[in-house]
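So the structure is just underneath, and the comments pick up after that.
These figures come from a predicted structure and were not determined experimentally. Below, chain A is the first sequence line, B the second, and so on; all start at residue 1.
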Protein chains: 2
Amino acid sequence: MSSEKAKNIFTDYLSKKGLRNTWQRLSILDTFLSSGGHITADELYNAVKRKHSDIGSATVHRNLKLMSECGVADEIKIGNKKTRYEQKYGHGHHDHLICTKCGKFIEVHNDKIERLQEKLAEANDFIPQRHKLEIYGLCKKCK
Amino acid sequence: MSSEKAKNIFTDYLSKKGLRNTWQRLSILDTFLSSGGHITADELYNAVKRKHSDIGSATVHRNLKLMSECGVADEIKIGNKKTRYEQKYGHGHHDHLICTKCGKFIEVHNDKIERLQEKLAEANDFIPQRHKLEIYGLCKKCK
DNA sequence: TTTAGTGCAAAGGCTTTGCAGATGT
DNA sequence: ACATCTGCAAAGCCTTTGCACTAAA
């Protein structure tokens, strides 16, 4: 899925809710989409600030919330560390292997697991929308 | 796995690290283990306070951290909501179905997925220790 | 023109820390 | 004895909110 799609989802969401297209909003979205994912609110704020020094951190938070609401961004929290936001479109869905020693992130994907998760949800009278799988352990280097 | 096991893991961890057995520590552990899981730091603080009115919230936080370190408790964060702590031993491993509308938690378990996760980790030169699977969607009532 | 959005700064909410006294070992 | 723990209160850190102003539509 391209980041074009994410942009459309976001702008559709805005117009559906009667919200407005401000340059701040679009700049935050663009910066987020080109960040490659796993960014914190503060990192995003600073990245946007580099281009537009007069952006406020509250605005970044407000829009990050909006982006989570419409599904363009996903909140992920790894262990005790800070909340990070990940792109949902633009580099495909994936799960995470997280090294408990060095903190390394490995992104993985497995269709079988995806399908089993859907089955599991349906078996419980549940309509799955999205999911999060994190496997903690030791990476190649640390084991 | 019984909560006896969790207790042993905790006390072993303490003695290994030269830490002490205080009544606060044991009371926090007991309360946590008998809570059934999915408790917030604040809820745990209040639960312990009912028995021992002179407990401090800092102590609960310090010990919750300790419990996470040794693997007796697991931090889980659901959506935008508060961080909750879950027992790792005492009521078996399970994954979560989380309703994005009403916030309902459903605990599920599927051996096939568990095994696939292990394979996935191993295929990436990764030694899995534990994992977290959350499926977000709509529950029976909300769909 | 109307109403949402923004920046700023203040307020919140939860977690962590510093400290002096208490307490395991 | 002596190093760890604890409770308290203060400090931190990030997020949210109130307000007056700005700017989409």
Inset, instruction - Would you confirm whether B:Ser27, through its side chain, and B:Gln24, through its main-chain N or O, come within 3.5 Å as a donor-acceptor pair? - result: no
Legend entry - Minimum-distance nucleotide (side-chain atoms of B:Asn21 versus D:dA24, C:dT25, D:dC8): C:dT25
Inset, instruction - Scan side-chain atoms only and decide if B:Glu134 and B:His96 contain a donor-acceptor pair under the 3.5 Å cut-off. - result: no
Legend entry - Nearest to side-chain heavy atoms of A:Leu19, which nucleotide of D:dC5, C:dA4, D:dT17: C:dA4
Inset, instruction - Ignoring backbone atoms, test whether B:Asn63 places a side-chain nitrogen or oxygen under 4.0 Å from the OP1 or OP2 oxygen of D:dT6. - result: yes
Legend entry - Spacing of B:Leu14 atom CG relative to C:dT23 atom C1', expressed in whole Å: 15 Å
Inset, instruction - Round to the nearest Å and state the distance from A:Leu29 atom CG to C:dG5 atom P. - result: 15 Å
Inset, instruction - Taking the side chain as every heavy atom from C-beta outward, state whether A:Gln117 and B:Leu133 have any atom pair closer than 4.5 Å. - result: yes
Inset, instruction - Measure the distance from OH on A:Tyr13 to P on C:dA4 and round it to the nearest whole Å. - result: 15 Å
Inset, instruction - Please figure out whether B:Ala41 or A:Val60 has its closest DNA chain C nucleotide nearer the 5' end. - result: A:Val60
Inset, instruction - Please check if the side chain of B:Arg25 supplies one atom and the backbone of B:Arg20 the other of a donor-acceptor pair under 3.5 Å. - result: yes
Legend entry - Side chain to side chain, B:Lys7 and B:Leu29, heavy atoms closer than 4.5 Å: yes
Legend entry - Sole candidate of B:His52, B:Arg50, B:Lys51 that passes side chain to side chain donor-acceptor pair (under 3.5 Å) when paired with B:Thr31: B:Lys51
Inset, instruction - Rounded off to whole Å, could you give me the NE2-to-P distance for the B:His61 and C:dC14 pair? - result: 9 Å
Legend entry - Bend angle of the helix from C:dT1-D:dA25 to C:dT25-D:dA1, end axes from five pairs each (to 10°): 40°
Legend entry - Gap between atoms CG and C1', on A:Leu66 and D:dT16 respectively (whole Å): 15 Å
Inset, instruction - Grab the CG-C1' distance between A:Leu26 and D:dA24 for me, whole Å please. - result: 12 Å
Legend entry - Interatomic distance, A:Lys49 NZ vs C:dT6 C1' [rounded to whole Å]: 14 Å
Legend entry - Side-chain ion pair, B:Glu43 and B:Arg84, N-O less than 4.0 Å: yes
Inset, instruction - For A:Phe10 and C:dG5, give me the distance from atom CZ to atom P, rounded to whole Å. - result: 10 Å
Inset, instruction - Spell out, as yes or no, whether a donor-acceptor pair under 3.5 Å connects the side chain of A:Asn110 to the backbone of A:Ile113. - result: yes
Inset, instruction - May I ask you to verify if any side-chain N or O of A:Gln24 is less than 4.0 angstrom from the OP1 or OP2 atom of D:dA23? - result: no
Legend entry - B:Leu44 side chain reached by B:Tyr85 side chain, heavy atoms, under 4.5 Å: no
Could you pull out the protein-nucleic contacts involving nucleotides 19-22 of chain C (nitrogen or oxygen on both sides, under 3.5 Å)?
none

Inset, instruction - Rounded to the nearest 0.5 Å, what's the gap from OH on B:Tyr45 to CD1 on B:Ile55? Could you check? - result: 8.5 Å
Inset, instruction - Select base, sugar-phosphate, or nothing to describe what A:Asp42 touches, counting heavy atoms under 4.0 Å on all strands. - result: nothing
Legend entry - Below 4.0 Å: OP1/OP2 of C:dA4 and any side-chain N or O of A:Thr22: no
Legend entry - Selected nucleotide, minimal atom distance to A:Arg25 side chain, candidates D:dT15, C:dT25, C:dT6: C:dT6
